[in-house]
Amino acid sequence: MTIKLGVLISGSGTNLQAIIDAIAVGTLDASVELVISSKPDAFGLKRAEQAGIPTMALSREVYEDPIAADEIIAGELRRAGCDYVVMAGYMRMVHEPVLLAFEDRVVNIHPALLPSFKGAHGIADAFHAGVKVTGVTVHFANAAYDEGPIIAQRAVDILPDDTLDTLEERIHEVEHVLYPQTLQLLAEGRVRLVINESGRKITAISPS
């Protein structure tokens, strides 16, 4: 099944590019229907335009009312016919208008092994904490920041000679592989949400 994606970005769009590339080589059964940026000058918009993908950018003034901004975003994503919303370096929370319009279909990537090192500085926080292993998490987004049900994780060792820059580079390399692979699980219908004994939503991955 080919799934239709709406991608939210804020910056350079390297994860967006990884998704575009995976679609182009046939390892991801998806299409990107719309890219929305929280910054009008984000380089990721150029990546989308070069791939022939429609784009939209919201100004800082629009985000002064985050709920109104998300109502605009949800409306545009619905209009584009998106099945899933993919947060790819989107540096803002999503709120009820998006979460309800795409219930259990908003996906985010985080540069740490959640639940550890939540927030906007996951790589630096893990590095400065002196842990030996960090990684990448792909999860469903919900109303709690970086707390949605986890779909996939991949560990990354922090090497003795790592700097913050080298660790960041290796984390991003893993992101660019793991994100398209995880989206392919969604395209294959292998990801479902179940309720555990504590009443919390968790993911279940069906075998291929």
Side-chain angles (χ1 to χ4, degrees), residues 1-95 97-99 101-102 105-111 120 122-123 136-141 151-152 165 168-188:
M1 168 183 168
T2 299
I3 54 174
K4 297 180 178 180
L5 308 177
V7 181
L8 307 182
I9 65 168
S10 295
S12 64
T14 58
N15 273 307
L16 168 64
Q17 189 65 57
I19 292 167
I20 291 170
D21 292 345
I23 292 170
V25 299
T27 57
L28 174 55
D29 297 326
S31 61
V32 179
E33 300 297 318
L34 178 64
V35 171
I36 299 178
S37 175
S38 65
K39 296 182 179 179
D41 60 349
F43 185 74
L45 291 170
K46 292 185 171 60
R47 296 180 187 273
E49 290 162 3
Q50 289 169 358
I53 299 167
T55 63
M56 175 181 175
L58 300 183
S59 67
R60 180 178 298 178
E61 291 72 26
V62 173
Y63 281 103
E64 289 177 358
D65 184 340
I67 301 303
D70 276 16
E71 287 174 349
I72 294 170
I73 290 169
E76 293 299 325
L77 292 169
R78 281 198 303 261
R79 220 172 341 266
C82 299
D83 300 310
Y84 286 89
V85 181
V86 177
M87 300 169 70
Y90 185 64
M91 302 307 292
R92 291 183 176 271
M93 283 191 69
V94 291
H95 301 88
V98 174
L99 294 172
F102 295 89
R105 291 181 291 140
V106 181
V107 186
N108 185 43
I109 191 163
H110 182 75
I123 300 175
V136 175
T137 302
V138 181
H139 66 99
F140 288 111
I151 309 170
D165 287 342
E168 184 172 350
E169 183 177 343
R170 291 191 297 109
I171 289 280
H172 290 328
E173 287 174 356
V174 172
E175 287 180 347
H176 300 160
V177 174
L178 184 62
Y179 217 177
Q181 287 179 345
T182 305
L183 294 174
Q184 180 60 21
L185 294 178
L186 296 173
E188 293 172 3

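Being a predicted model, the structure only gives us computed values, none of them experimental. This chain uses plain numbering: 1 for the first residue, then up along the sequence.
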| request: Measure the CD-OG1 distance between Glu175 and Thr182 for me, rounded to the nearest 0.5 Å. | output: 11.0 Å
| note | dist Ile36:CD1 -> Met56:CE (nearest 0.5 Å) comes out at 5.5 Å
| Should Val62 and Ile72 count as side-chain neighbours, where that means a heavy-atom distance under 4.5 Å? | yes
| request: Decide yes or no on side-chain contact (heavy atoms from CB on, under 4.5 Å) for Ser38 and Leu58, but give the supporting numbers first. | output: CA-CA 5 Å; Ser38 65; Leu58 300 183; 5.9 Å; no
| message | Tell me whether Arg170 is salt-bridged to Glu173, with the criterion being a basic N under 4.0 Å from an acidic carboxylate O. | response | no
| Closest approach of Leu45 and Pro40, non-hydrogen atoms and distance? | CD1-O, 3.4 Å
| request: Would you please test Val86 and Leu8 for side-chain contact (heavy atoms from CB on, under 4.5 Å) and show each step? | output: CA-CA 6 Å; Val86 177; Leu8 307 182; over 6 Å; no
| field | Non-hydrogen atoms of Ala141 and Met87 that approach each other most closely | value | CB-SD, 4.1 Å
| task | For Asn15 and Ala88, indicate whether the former's side chain and the latter's backbone hold a donor-acceptor pair under 3.5 Å. | result | no
Give every donor-acceptor pair under 3.5 Å between a side-chain atom in residues 26-35 and any protein atom, sequence neighbours left out.
unit_1: Thr27; atom_1: OG1; unit_2: Ala22; atom_2: O; d: 3.3
unit_1: Asp29; atom_1: OD2; unit_2: Gln184; atom_2: NE2; d: 3.0
unit_1: Ser31; atom_1: OG; unit_2: Glu33; atom_2: OE2; d: 2.5

| note | Value for NZ (Lys39) from CD1 (Ile9), rounded to nearest 0.5 Å, stands at 10.5 Å
| Going by heavy atoms in the side chains, are Phe140 and Ile151 under 4.5 Å from each other? | yes
| message | To the closest 0.5 Å, what do you measure between NE2 (His110) and NE2 (His139)? | response | 7.0 Å
| message | Any heavy-atom pair between the side chains of Ile171 and Val136 that's under 4.5 Å? | response | yes
| request: Locate the shortest heavy-atom distance separating Tyr63 from Ala69; write the atom from each residue and the value. | output: CD2-CB, 3.8 Å
| Can any side-chain N or O of Arg105 pair as donor or acceptor with the backbone N or O of Val85 at less than 3.5 Å? | no
| field | Closest heavy-atom pair and its distance - Tyr84, Val107 | value | CD2-CG2, 4.3 Å
| message | Looking at every non-hydrogen atom in both residues, tell me the closest pair between Arg78 and Ala101 and how far apart they are. | response | NH1-CB, 3.3 Å
| query | Between Lys46 and Glu49, is a salt bridge (Lys or Arg N to Asp or Glu O under 4.0 Å) present by the stated rule, with each step listed? | reply | CA-CA 5 Å; Lys46 292 185 171 60; Glu49 290 162 3; over 6 Å; no
| field | Interatomic distance, Arg47 atom CZ to Ser12 atom OG [nearest 0.5 angstrom] | value | 5.5 Å
| Does the side chain of His172 come under 3.5 Å of the side chain of Thr14 through a donor N or O and an acceptor N or O? | no
| message | Determine whether Leu16 and Ile20 satisfy the following criterion, side-chain contact (heavy atoms from CB on, under 4.5 Å), listing intermediate values before the conclusion. | response | CA-CA 6 Å; Leu16 168 64; Ile20 291 170; 3.8 Å; yes
| query | Side chains of Thr137 and Ile109: closer than 4.5 Å at any heavy-atom pair? | reply | no
| Given side chains that start at C-beta, do those of Ile73 and Pro97 come closer than 4.5 Å, heavy atoms only? | no
| query | Okay, side chain of Asp70, backbone of His95: is any donor-acceptor separation there less than 3.5 Å? | reply | yes
| query | Taking all non-hydrogen atoms of both residues, which atom of Ser37 and which atom of Ser10 are closest, and how far apart? | reply | OG-CA, 4.3 Å
